[in-house]
There are 2 protein chains.
Amino acid sequence: MLPEDNILFKGVDQSDCRRMISCFNPDIRKYKSGSRIAEFSRENDRIGIILSGRAVMERYDINGVRTIVEALGEQSVFGAFFTYSPSIRSVIEIVSETDCEVMFVKRSEITKRCENACPCHSRVVENLLELMSEKAINLSERIEVLSQRSIEDKLISCLQIIEDKTPQGKTPLIPFSTTALSDYLCVNRSALQREITRLKKNGILTISKRKFRLYHNKEQDF
Amino acid sequence: MLPEDNILFKGVDQSDCRRMISCFNPDIRKYKSGSRIAEFSRENDRIGIILSGRAVMERYDINGVRTIVEALGEQSVFGAFFTYSPSIRSVIEIVSETDCEVMFVKRSEITKRCENACPCHSRVVENLLELMSEKAINLSERIEVLSQRSIEDKLISCLQIIEDKTPQGKTPLIPFSTTALSDYLCVNRSALQREITRLKKNGILTISKRKFRLYHNKEQDF
DNA sequence: AAAAATCTGTTGCAATTGCAACAAGGAGGA
DNA sequence: TCCTCCTTGTTGCAATTGCAACAGATTTTT
């Protein structure tokens with residue numbers, strides 16, 4: 001992927017972009033599937049952007065319980081700047097699900113006044129603002145799911161959000177295995193399985209592999 | 001409160017600040033305790049900053065169940081730009097807990113290139129970026145709490161976060177009533193009460209009114 | 001192709017949580 | 001001051017969820 005296709009440089013023309021890239025001094029790295037891309041214990045100032053591949057942000061608490069915080073696809077951004085675990089209570093890690101290519105930039109490089117006085121610099125800051133906003137919205141949706149009081153409601157609310165984001169005509173796709181989904185919903189896997197089976201029986205849900213369809217036969221319709 | 005004390009204008013000197021204020025054309029309003037300050041169904045572009053007073057961001061789902069998303073104090077920022085409920089699934093509202101003074105600014109006013117070419121303008125954008133970052137961290141902490149699997153763990157993790165944010169020497173303070181706290185932790189009130197009573201009995205927690213102390217006698221110590 | 005590892009689907013049982021109802025305490029308004 | 005409304009604290013019972021264990025399916029590695 002060319003740097004100028006990157007969302008951080010959206011709207012910046014190619015030559016400016018190259019100049020800025022040298023200015024930001026980014027670090028592009030490749031990772032094999034299953035490797036640890038980053039850990040938010042101490043690093044504070046690095047922003048990572050997934051150029052290719054898929055990864056997940058996960059947290060392990062002191063008891064070793066895993067929670068999947070977010071699924072990261074191409075163009076997803078992560079970093080302590082966005083979401084950050086301030087204490088020893090838990091560790092947040094980014095782990096690749098497929099082979100990945102990741103670009104790291106220092107936030108301070110972006111924010112600082114550019115000595116070359118790039119006029120396009122401020123465009124990048126705006127893009128960063130936009131990304132932050134998206135991230136906040138994602139986290140907010142995550143909270144919406146987790147604040148549901150039952151497994152059924154958590155699952156449905158999660159699937160509805162995925163549905164809403166799926167382009168017209170495409171089949172909505174769960175970005176996790178069922179096991180991982182239970183870590184995302186923060187519930188027991190077999191209890192989740194039980195609910196899925198029940199919803200299928202009642203004709204509210206069909207799932208095959210990671211594709212699904214929801215039939216909103218309930219009071220949600222209005 | 002003078003505008004130049006506002007975090008959005010941090011680091012901008014007074015005369016620049018006044019110029020910019022006229023440029024941003026902010027809307028400052030007062031609210032009585034218990035009023036609805038904002039609702040995120042349609043408004044998309046307004047950022048609110050609490051100048052004085054306290055408020056909460058709450059969500060009501062289709063069944064009327066309330067969730068407290070966030071406690072907002074002085075200098076807190078809110079808006080669909082930060083956290084936004086994209087669908088009819090639920091409604092997010094900002095409700096004042098005390099009398100409040102709130103400043104609204106259009107996000108596009110901040111982001112747009114200023115025709116007066118304020119050099120300090122970019123400082124404001126950076127401040128906004130900083131605020132966004134804080135917001136993301138808050139949401140992230142919220143997720144940390146909600147992803148705990150039991151009421152006990154939710155409560156403790158919530159109290160630890162409050163403790164960590166409390167300045168040395170001060171007594172940590174829960175920003176909610178117990179009833180509201182249960183809406184924040186997304187659990188049943190009497191079940192939460194039961195846990196609190198149990199933790200008190202076991203000497204892990206003391207609470208009087210909203211002040212509390214945690215005694216980390218458990219395996220957390222290391 | 002075989003072996004290993006991981007994921008799916010199920011179930012009985014135990015533990016936790018939600019619900020409803022009620023008594024008592026406190027805050028604020030008439 | 002009294003009255004109302006809201007919060008706290010408690011409890012028995014019901015419902016939901018977690019846990020453990022297992023079998024079969026699927027995927028990955030060797």
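Naming convention: chains lettered A, B, ... in sequence-line order (proteins, then strands); numbering from 1 in each chain. The basis for the numbers below is simple: all heavy atoms, side chains too, and nothing from hydrogens, waters or symmetry mates.
Ion pairing between a basic and an acidic side chain is recognised when a charged N comes within 4.0 Å of a carboxylate O; B:E93 and B:R59 show no such pairing. In this structure, B:R54 does not pair ionically with B:E74, as no charged nitrogen and carboxylate oxygen lie closer than 4.0 Å.
If you take CZ of B:R198 and P of C:dT17, they are 9 Å apart, rounded to a whole angstrom. One interatomic measurement links the two molecules: CG of B:L192 to P of C:dC19, which rounds to 14 Å at whole-angstrom precision. For the pair B:E152 CD and D:dG18 P, the interatomic distance rounds to 15 Å; values are reported in whole Å. Atoms CD1 (A:I68) and C1' (C:dC7) sit 13 Å apart, rounded to a whole Å. When the C1' atom of C:dT17 is taken as reference, atom CG of B:L185 falls 14 Å away, rounded to whole Å. Between A:E97 atom CD and D:dT28 atom P the separation is 12 Å, expressed in whole Å. What separates CG of B:D183 from P of D:dC6 is a distance of 14 Å, to the nearest Å. Here D:dT7 presents its P atom at 15 Å from CD1 of B:I174, a figure rounded to the nearest Å.
Remark on DNA chain D: of its neighbouring residues A:R149 and A:S190, the 5'-side contact belongs to A:R149, judged by nearest-heavy-atom nucleotide. Between B:F176 and B:K201, the one whose closest nucleotide on DNA chain D sits nearer the 5' end is B:F176.
Relative to the ring axis of B:Y184, B:R142 places its NZ or CZ within 45° and under 6.0 Å from the centre.
Side-chain N/O atoms of B:Q193 include none lying less than 4.0 angstrom from OP1 or OP2 on D:dT8. Within the 4.0 Å cut-off from OP1 or OP2 of D:dT8, at least one side-chain nitrogen or oxygen of B:T179 is found. Between C:dT17 and B:N188, no contact under 4.0 Å exists linking OP1 or OP2 to a side-chain N or O. Between A:T178 and the phosphate of C:dT8, there is a side-chain N or O to OP1/OP2 separation shorter than 4.0 Å.
No engagement by B:I196 is indicated, since no non-hydrogen atom pair under 4.0 Å with the nucleic acid exists. Looking at heavy-atom distances under 4.0 Å, B:K209 makes contact with sugar-phosphate atoms alone, never a base. In this structure, A:T197 reaches the sugar-phosphate backbone alone: every heavy-atom distance under 4.0 Å involves primed, P, OP1 or OP2 atoms, never a base.
Checking D:dT17, C:dT17, D:dG9 against every side-chain atom of B:K200, the shortest atom distance belongs to D:dG9. Checking D:dT10, C:dG9, D:dG18 against every side-chain atom of A:R189, the shortest atom distance belongs to C:dG9. Side-chain proximity of A:R194 to C:dG12, D:dG9, D:dT11: nearest is C:dG12.
Residues B:L155 and B:L192 meet the side-chain proximity criterion, which asks for heavy atoms closer than 4.5 Å. Contact of the A:F212 side chain with the A:I162 side chain is registered, since non-hydrogen atoms from C-beta on lie closer than 4.5 Å.
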